[in-house]
2 protein chains.
Amino acid sequence: MDMPIRTADEVDLDRLNSALGFLMRLAQLKIYERFFEEVGEHNLKPGEFSVLWVILHNPGIRQSVLGQRLMIKRAHMTKLIRALEDQNLVSRKIPDGDRRAVEITLTPEAVTRVRKASQWFFSYEASVGANLTAGERQQLTALLQKFVGLG
Amino acid sequence: MDMPIRTADEVDLDRLNSALGFLMRLAQLKIYERFFEEVGEHNLKPGEFSVLWVILHNPGIRQSVLGQRLMIKRAHMTKLIRALEDQNLVSRKIPDGDRRAVEITLTPEAVTRVRKASQWFFSYEASVGANLTAGERQQLTALLQKFVGLG
DNA sequence: CAAAATTTGTTTACAAAGAAACAATCTCCA
DNA sequence: TGGAGATTGTTTCTTTGTAAACAAATTTTG
């Protein structure tokens with residue numbers, strides 16, 4: 001007589017529990033969940049923060065390059081940038097050298113705001129993976145960097 | 001004179017390149033990209049495969065429990081299950097004990113199909129992270145399991 | 001040089017996923 | 001027992017992201 005499964009930890013995942021794609025998805029969802037629980041006043045989404053952060057460190061970066069680095073598709077990047085422009089956080093400039101391209105810069109207000117949000121973000125980030133030891137966390141970071149080709 | 005940034009590897013990510021949330025997102029996108037490149041004939045999406053796999057190993061599992069384990073929201077689970085039902089892959093049964101719940105089972109066709117797809121899936125999975133050594137891959141898996149609480 | 005191919009960004013249409021409100025059922029306890 | 005609250009699933013609406021077709025500018029190459 002099989003009893004019906006009543007709680008999530010009784011579920012048999014078989015080999016799925018060592019599938020990297022599966023584990024990575026669970027990990028990312030867990031991280032995002034906490035992000036939104038803790039983001040508070042800054043009301044930036046993870047994608048918005050990373051875009052603004054990268055523009056801060058690479059003023060005049062082109063949309064296409066930004067998208068390649070952050071793995072955001074061009075169609076989506078267009079919408080992200082427009083939304084940021086509507087909030088007066090970024091400005092777009094068509095460079096003389098290549099009039100197809102768009103170069104993005106932060107507005108002064110955005111610089112202040114991103115600097116402030118980054119203080120929250122990186123202290124939040126440091127608290128991600130609190131159930132790992134410091135060494136394990138460091139190892140995980142290094143392995144992920146190698147995995148994605150940023151090491 | 002700042003030269004404009006022309007390629008993705010010139011982009012300065014500053015501390016973002018050690019942020020677990022960021023690395024995890026890149027890793028997952030990379031894995032999904034390869035999944036769709038290689039999935040071939042099976043035309044199952046990652047979410048569909050994992051749902052079917054878990055039902056195979058837990059026949060009669062309830063929608064809510066399935067969703068908890070796979071971190072799929074109830075509203076979305078309803079749609080996934082209906083889509084699978086429309087393809088005649090799962091059947092739904094309201095148990096006598098609790099007439100709010102829905103118990104899910106694979107159809108015989110689905111059992112065959114999932115077994116077959118799983119052969120592809122797990123050999124694909126084994127090839128994920130080919131740029132890591134076997135030891136690193138094993139370490140990454142273990143760290144992720146601990147991170148998400150499956151260890 | 002001029003036609004062909006590529007790059008860059010936008011638009012439109014659509015798919016995937018979440019949020020909130022809802023209905024039905026069940027549980028708990030006064 | 002019976003009513004308040006919780007659980008389960010569905011529906012509707014919105015957000016997020018992708019795909020494909022397109023336009024404009026640039027690069028390549030015959």
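These numbers were taken from a predicted model, which means no experiment stands behind them. Lettering follows sequence order; numbering is per chain, from 1.
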Could you check whether A/Trp120 and A/Phe49 have their ring centres less than 6.0 Å apart? no
What is the distance, to the nearest angstrom, from the CD atom on A/Gln68 to the P atom on C/dT7? 10 Å
Separation of C/dT8 P from A/Lys93 NZ (nearest whole Å): 17 Å
Can you tell me the distance, in whole Å, between the CZ atom of B/Arg99 and the P atom of C/dA23? 18 Å
When every non-hydrogen atom of B/Arg113 is compared with those of B/His42, the smallest separation belongs to NH2-O, 3.7 Å
Given DNA chain D, 5'-ward residue of the pair A/Tyr32 and A/Asp96, judged by closest heavy atom: A/Tyr32
Please report the shortest heavy-atom distance between A/Phe147 and B/Gly129, naming the atom on each side. CE1-CA, 3.4 Å
Length of the line joining B/Ile72:CD1 and C/dG18:C1', which is rounded to integer Å: 13 Å
If you measure only the distance, is there a donor-acceptor pair under 3.5 Å linking the side chains of B/Ser50 and A/Arg25? no
Could you tell me the separation between the CD atom of B/Gln28 and the P atom of D/dG17, rounded to a whole number of Å? 12 Å
Whole angstroms only, please: what is the CD1-P distance between A/Ile94 and D/dA23? 18 Å
Taken to the nearest whole Å, CZ/B/Phe36 to P/D/dG17 is 15 Å
C/dG9 C1' sits how many Å from A/Lys73 NZ, rounded? 16 Å
Which pairs, protein N/O on one side and nucleotides 9-12 of chain D N/O on the other, fall under 3.5 Å?
from, atom 1, to, atom 2, distance (Å)
D/dG9, OP1, B/Val102, N, 2.8
D/dG9, OP2, B/Ser64, N, 2.8
D/dG9, OP2, B/Ser64, OG, 3.1
D/dG9, N7, B/Arg74, NE, 2.9
D/dT10, OP1, B/Arg92, NH2, 2.0
D/dT10, OP2, B/Gln63, OE1, 3.4
D/dT10, OP2, B/Gln63, NE2, 3.1
D/dT10, OP2, B/Thr78, OG1, 2.8
D/dT11, OP2, B/Arg82, NH1, 2.8
D/dT11, OP2, B/Arg82, NH2, 3.4

Go through A/Trp53 and A/Phe122 one step at a time and tell me if the ring-ring contact (aromatic ring centres under 6.0 Å, His included) criterion holds. CA-CA 11 Å; A/Trp53 176 258; A/Phe122 289 107; 4.9 Å; yes
I would like to know whether B/Arg137 and B/Glu125 meet salt bridge (Lys or Arg N to Asp or Glu O under 4.0 Å); could you show each step before the answer? CA-CA 11 Å; B/Arg137 194 186 183 288; B/Glu125 258 293 331; 3.8 Å; yes
